[in-house]
Number of protein chains: 2
Amino acid sequence: MEIAGVQAAVGVLSSKWSVAILAELSGGTRRFNELLRRIDGISRRMLAATLRRLEEAGLITRRVYAAVPARVEYDLSPAGSALFAALTPLSGWALQHRPEAA
Amino acid sequence: MEIAGVQAAVGVLSSKWSVAILAELSGGTRRFNELLRRIDGISRRMLAATLRRLEEAGLITRRVYAAVPARVEYDLSPAGSALFAALTPLSGWALQHRPEAA
DNA sequence: CTGAATCCAAGTGGATACTG
DNA sequence: CAGTATCCACTTGGATTCAG
């Protein structure tokens, strides 16, 4: 197993809202305010910051429609989609080893 | 997929040296100074701190031998071993989507 | 040998207000 | 609608020193 690769993956996922955003986008295209409403507890500031980091990491794509009012759509990139899929075993691990979280 | 579980897993792994320590212990029992030597760049302080967090999270076990000089051995718990195994897909993802890291 | 204690620099994240 | 700017509190992690 390649430790450096795992650390790189954990690195992008380690900011508080990354996993929640990936999960939300795994359900399809979402707009900024849509994410803001659907992800409980997140602030505009953190949503914007996390989206930027995920985009820089190549995990999501951002499309801007030059219209009034402004409209921006986010999607999972192939890499983001693959990363989210690779998280499934972690979910299984939690189910088995963290009964209190169930 | 259970987002909260994934976040819990990522949470313990997100401190800088967690993955490296789990990887090292996946090779068998290790002592404190042994880990210190084998994990490049880690300091005593961070090794001690990370070991404590991993132990509190139930991922590793700690055995103290009351002798002089003091001797302490660390091992992966079943949960820690399972978590490390669940990281394999992340390694695969990095291989495919982070060619520069290879 | 295996830590804990202290000090410090940098990063993370929350609240709030403002902008094109 | 989709952010940015500012301020602040808390945490992380490195270096170094002290202790059982």
Does the side chain of B/K16 come within less than 4.5 Å of B/M46's, by heavy atoms?
no
For residues A/R98 and A/W93, determine if any side-chain heavy atom of one lies less than 4.5 Å from a side-chain heavy atom of the other.
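Counting from C-beta outward, A/R98 and A/W93 do come under 4.5 Å.
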For [X] and [N], what is the distance between atoms [atom1] and [atom2] respectively, to the nearest whole Å?
X	N	atom1	atom2	result
A/L36	D/dC1	CG	C1'	11 Å
A/R37	D/dC1	CZ	C1'	11 Å
B/L47	D/dG14	CG	P	12 Å
A/I60	D/dA2	CD1	C1'	14 Å
A/E73	D/dA2	CD	P	9 Å
B/L13	D/dT12	CG	C1'	16 Å
A/L35	D/dC1	CG	P	13 Å
A/L51	D/dT4	CG	C1'	14 Å

Rounded distance [0.5 Å steps], [atom1] in [X] versus [atom2] in [Y]:
X	Y	atom1	atom2	value
B/R62	B/E55	CZ	CD	6.0 Å
B/R53	B/I21	CZ	CD1	10.5 Å
A/S26	A/L87	OG	CG	10.5 Å
B/Q7	A/S91	CD	OG	11.0 Å

Tell me which residues in residues 21-32 of chain B lie within less than 4.0 Å of DNA chain D, going by non-hydrogen atoms.
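Contacting residues: none.
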Note down the inter-axis angle between the two ends of the helix from C/dC1-D/dG20 to C/dG20-D/dC1, five pairs each, to the nearest 10°.
40°
Counting just side-chain N and O atoms, does B/Y74 come under 4.0 Å of either OP1 or OP2 of C/dG3?
yes
Looking at A/R62, I'd like to know whether one of its side-chain N or O atoms comes within less than 4.0 Å of OP1 or OP2 on D/dG3.
yes
Quick check on the hydrophobic clustering: are [X] and [Y] connected, directly or via other members, by side-chain heavy-atom contacts under 4.5 Å?
X	Y	result
A/L95	A/F84	no
A/Y74	A/Y65	no
B/V64	B/L51	yes

Along nucleotides 13-20 of chain C, 5' to 3', which nucleotides get a B, which get an S, and which get a -, given that the test is a protein heavy-atom distance under 4.0 Å?
BBB-----
Worked verdict on B/L83 versus B/L76 for side chain to side chain contact (heavy atoms under 4.5 Å, CB included)
CA-CA 10 Å; B/L83 179 55; B/L76 245 40; over 6 Å; no
Step by step, work out the side chain to side chain contact (heavy atoms under 4.5 Å, CB included) result for A/L59 and B/H97.
CA-CA 10 Å; A/L59 300 181; B/H97 298 277; over 6 Å; no
